[in-house]
Undergrad: 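Here it is, the structure, as C-alpha cells.
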Amino acid sequence: MSKNNKTAITPTREENYAEWYQQVIKAADMAENSEVRGCMVIKPWGYAIWENIQHILDRMFRETGHRNAYFPIFIPKSFFEKEAEHVEGFAKECAIVTHSKLEADEKGGLKLAGELTEPYIVRPTSETIIGASFAKWVNSYRDLPLLINQWANIVRWEMRTRLFLRTTEFLWQEGHTVHETEIEAREETLKMLNVYATFARDYLALPVIQGEKTESEKFPGAVTTYCIEAMMQDRKALQSGTSHFLGKNFAKASEIKFQNRNGEMEYAWTTSWGVSTRLIGALIMAHSDDNGLVLPPKIAPSHIAIIPIYKNDEEKQIVMDFAIKVQNIFKGLYLDDIQIFTEMDTRDMTSSERNWYWIKKGIPLRLEIGPRDIVNDSVMLARRDKEPKDKHSIKIDNVVDYVLKTLSEMQEGYYQRALNFRDKWTVDIDDKEEFYRFFNSKNEEQEISGGFANSHWCGNQTCEEKIKDDLKVTIRCIPFEAKEEEGKCIYCGEKSNRRVIFAKAY
RNA sequence: CGGGGUGUAGCGCAGCCCGGUUAGCGCACCUGCUUUGGGAGCAGGGAGUCGGAGGUUCAAAUCCUCUCACCCCGACCA
C-alpha cells in the first residue's frame with residue numbers, strides 16, 4: 001500500500017473511536033495529559049480555541065446584560081452544607097484543602113502543617129460562595145435582576161478522565177443571576193440556554209437539541225435543569241451546556257432576601273448556567289475525520305496556512321517575496337465578526353509534509369505558493385473539507401473573495417453535515433424489542449451506540465433506571481420541540497403523552 | 001474499591017519464558033550534503049541509574065519477595 005492511501009490518524013473512527021479521539025488531539029497538538037493525574041495541559045492550538053469560545057460567548061453575555069466578576073476558588077465546608085441536594089450531588093468528587101503550610105520532616109522531605117480550623121472545598125461549582133456575596137448585594141427589588149458571570153477553573157474529582165470531555169480540573173464559565181419573580185428567572189434560564197444553542201449552531205457548527213432534564217439527571221439543588229445535547233460521530237450524546245432554574249433553593253441556603261414591592265422580605269429566585277472546555281471535545285468529535293482535526297472557520301485559531309515551495313535560494317527569494325505579499329492581503333480581513341488569521345510555514349520540510357501537518361491541525365484552508373503560481377499570478381488553494389490533494393488555482397485578484405466565500409461555505413457545510421448525520425441516526429422507536437436491538441448492536445471491535453431513540457416514556461423514574469441498568473442508555477432530555485402525542489412507555493407500556501430522547505452518553 | 005494489564009532513550013516497542021559480549025529497534029532530536037508541487041534520501045551523532053527496594057547467583061532487564069506508579073474494564077460523572 002502506498003503511503004498516500006493511508007489516513008493521517010490511526011486507528012480510524014471505524015476501527016476504534018475512543019483511541020481515534022486521543023490521536024486526533026495528539027496529532028493536532030491541542031492538549032496532553034499532565035503529570036497530575038486526571039488533569040490536562042492545554043497547548044496553544046487547543047487553548048486558542050477556548051479563547052475564541054470565551055471571546056464570542058463573553059460578547060453574547062454582555063449583550064444580554066451580564067457582567068463578569070470573580071469569586072474565590074475555596075469554599076468553606078460550612079457553605080457547602082447549606083443545600084442538602086447540592087452536598088449529596090458533589091460530596092463524592094471534592095478536593096479538600098486542610099492545611100496552610102509545609103514544614104521540614106525528619107527524612108528531609110516536607111510534612112503538612114498549619115491545619116485549618118475549617119476545611120475548604122476547591123470549587124466544583126460556585127453557587128454557595130457566590131450566594132454568600134449575593135446575600136450582601138441584594139436588599140431591595142430595585143437591586144434586581146442581578147446578572148453576573150464568572151470565567152473560572154473548577155475541580156471535580158472524577159474517577160476516570162478523558163481529555164476535554166472529563167478532566168479533574170477544567171475551565172468553564174458560570175453565570176449566576178438573581179430575580180424578583182419566578183417568571184423572570186425562568187425566562188433567564190431559557191434565554192441563556194438559547195444563547196448556548198445559538199453559539200453552538202453559528203460558531204461551532206454544532207446542531208443541538210434543547211430540552212429539559214429528567215429528575216434523575218438534573219443539577220443537584222436545581223428545580224429545573226435545561227440542556228443542549230449534541231450527537232457525536234459514534235452516535236453518543238454529549239451534554240454540551242446546561243442552564244438551571246434554581247427556584248428559591250439556593251436563596252434560602254445563602255439567605256438571598258430582598259424587600260419586595262409590598263415592603264415584605266422575600267427570598268429571591270436564582271439561576272445558574274455554564275459551558276466548559278468540554279465544548280472542545282464536542283467540536284472534535286462532531287467534525288473531525290480520519291485525517292485529524294476539522295475546525296469550523298468561525299472557531300478556528302487560524303484560517304489559512306501559507307506553504308511556500310522552492311528548490312534553491314534564488315527561488316526562495318522570489319517565492320517568499322510573493323508569499324509575504326499574499327499574506328498581507330489577508331491582514332485585517334474578517335469573516336463576518338471573525339478576524340482571519342494566517343500561518344506562514346517556512347519550515348525546511350517537503351511541501352507535502354507541511355500540508356499534512358496543517359491537515360491534522362484542522363486549519364480550514366491551505367495555500368501553496370511556488371514558482372509556477374507566481375508566473376500565473378495565482379495560488380493553489382486546498383480546503384480541509386475536501387480530499388488532501390484536491391486543489392485549485394486561484395488568481396490573486398480573486399483570492400480574497402474566494403477565501404471568504406469558501407470559508408463561509410465550509411462553515412455552513414459542517415453544520416449541515418453534522419445535522420444530516422444526527423437526523424440519520426435519530427429514530428422514533430415504539431417497540432421495546434426494537435429499542436433494545438437499537439442500543440445492543442455490536443461489531444467485533446467496539447460497541448455501536450445506536451443513536452438517538454425518540455421514544456415514549458411514562459415519566460416514571462423506575463423505567464428510566466431499568467433502561468439504564470440494561471443498556472447504559474439514559475434520557476438525554478425531554479426536547480422542547482416534542483409535541484403532545486398519545487403513546488405507550490417504551491419500557492412498561494403505560495400511558496405517555498410525549499417522546500423523549502434516549503441515548504448513550506459521554 | 002473489585003477484575004485485568006504495563007513499567008527498558010522524548011514517544012512507541014523488542015529482549016525476559018531458557019541469567020552470560022559494550023542493552024537493541026522504529027519514530028523524534030542534532031550535524032552535514034543532496035532534496036522540496038503529495039508524508040524525502042544518504043552519512044554521521046547525542047540521548048538509558050532497564051519503575052524502586054531487597055534477595056538468589058561468579059554473573060540479573062531476565063529468577064524470587066516486597067513496594068510504587070500508570071493504563072484498561074466496572075461503580076461515579078459536565
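Sequence lines set the chain letters: A, B, ... in the order given, protein chains first and strands last, and positions in each chain run from 1.
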Undergrad: Think A:Lys472 has a side-chain N or O under 4.0 angstrom from the OP1 or OP2 of B:G74?
TA: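 Checking B:G74 against A:Lys472, a side-chain N or O does come within under 4.0 Å of OP1 or OP2.
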Undergrad: Show me, pair by pair, the donor-acceptor contacts under 3.5 angstrom made by side chains of residues 217-230 of chain A, not counting sequence neighbours?
TA:
{"unit_1": "A:Lys218", "atom_1": "NZ", "unit_2": "A:Glu215", "atom_2": "OE1", "d": "3.4"}
{"unit_1": "A:Lys218", "atom_1": "NZ", "unit_2": "A:Glu215", "atom_2": "OE2", "d": "3.0"}
{"unit_1": "A:Lys218", "atom_1": "NZ", "unit_2": "A:Ala222", "atom_2": "O", "d": "3.0"}
{"unit_1": "A:Thr224", "atom_1": "OG1", "unit_2": "A:Arg186", "atom_2": "NH1", "d": "3.4"}
{"unit_1": "A:Thr225", "atom_1": "OG1", "unit_2": "A:Phe219", "atom_2": "N", "d": "2.9"}
{"unit_1": "A:Thr225", "atom_1": "OG1", "unit_2": "A:His244", "atom_2": "ND1", "d": "2.9"}
{"unit_1": "A:Glu229", "atom_1": "OE1", "unit_2": "A:Arg476", "atom_2": "NE", "d": "3.4"}
{"unit_1": "A:Glu229", "atom_1": "OE2", "unit_2": "A:Lys213", "atom_2": "NZ", "d": "2.7"}

Undergrad: For nucleotides 31-34 of chain B, list the nitrogen or oxygen atoms of the protein found under 3.5 Å from its nitrogen or oxygen atoms, one pair per line.
TA:
none

Undergrad: Sequence neighbours excluded, which residues qualify as side chain to side chain contact (heavy atoms under 4.5 Å, CB included) partners of A:Ala205?
TA: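 For A:Ala205, the residues satisfying side chain to side chain contact (heavy atoms under 4.5 Å, CB included) (neighbours in sequence not counted) are A:His287, A:Pro296, A:Gln411, A:Tyr414, A:Tyr415.
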Undergrad: What's the CD1-C1' distance between A:Ile309 and B:G37, to the nearest Å?
TA: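 After rounding, the reported distance stands at 5 Å.
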Undergrad: Using Watson-Crick pairs (N1 to N3, plus N6-O4 or O6-N4) and G-U wobble pairs, both distances under 3.5 Å, which stems of at least 3 pairs involve RNA chain B?
TA: B:1-7 with B:68-74, B:10-13 with B:24-27, B:29-34 with B:40-45, B:51-55 with B:63-67
Undergrad: Hey, is A:Asp390 close enough to A:Arg383 for a salt bridge, meaning N to O under 4.0 Å?
TA: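 Looking at A:Asp390 and A:Arg383, the cut-off is not met.
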Undergrad: Please check the phosphate of B:U36 (OP1 and OP2 only) for any side-chain N or O of A:Thr350 closer than 4.0 Å.
TA: no
Undergrad: Considering only atom C1', compute the distance from B:G12 to B:A28 and round it to an integer number of Å.
TA: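 Going atom to atom, C1' in each nucleotide, I get 11 Å.
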Undergrad: Does a salt bridge link A:Arg384 with A:Asp289, judged by any charged N lying under 4.0 Å from a carboxylate O?
TA: yes
Undergrad: When you compare the side chains of A:Thr214 and A:Glu464, does any donor N or O come within less than 3.5 Å of an acceptor on the partner?
TA: yes
Undergrad: Using a heavy-atom distance cut-off of less than 4.0 Å, which residues of residues 41-55 of chain A contact RNA chain B?
TA: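 Residues of residues 41-55 of chain A under 4.0 Å from RNA chain B: none.
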Undergrad: For B:G44 versus B:C27, give the span between their P atoms, rounded off to a whole number of Å.
TA: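 After rounding to an integer number of Å, I get 15 Å for this pair.
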Undergrad: Could you tell me how far B:C18 sits from B:C13 if I compare only their C1' atoms? Round to whole Å.
TA: 22 Å
Undergrad: Provide the distance between the two C1' atoms, one in B:U31 and one in B:C17, to the nearest whole Å.
TA: 43 Å
Undergrad: In whole angstrom, what separates A:Trp358's CH2 from B:G39's C1'?
TA: 16 Å
Undergrad: I need the full list of salt bridge (charged side-chain N to carboxylate O under 4.0 Å, His left out) pairs touching residues 20-31 of chain A, with sequence neighbours left out, sorted by first then second residue.
TA: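 Qualifying pairs, neighbours excluded: A:Asp29-A:Lys43.
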Undergrad: Taking the six-membered ring for Trp, are A:Tyr21 and A:Tyr17 closer than 6.0 Å centroid to centroid?
TA: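 Ring centres of A:Tyr17 and A:Tyr21 not closer than 6.0 Å.
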Undergrad: If you take atom types as modelled and just measure distance, does the side chain of A:Asn355 reach the base of B:G39 with a donor-acceptor pair under 3.5 Å?
TA: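 It does not, because no donor-acceptor pair links the side chain of A:Asn355 to the base of B:G39 below 3.5 Å.
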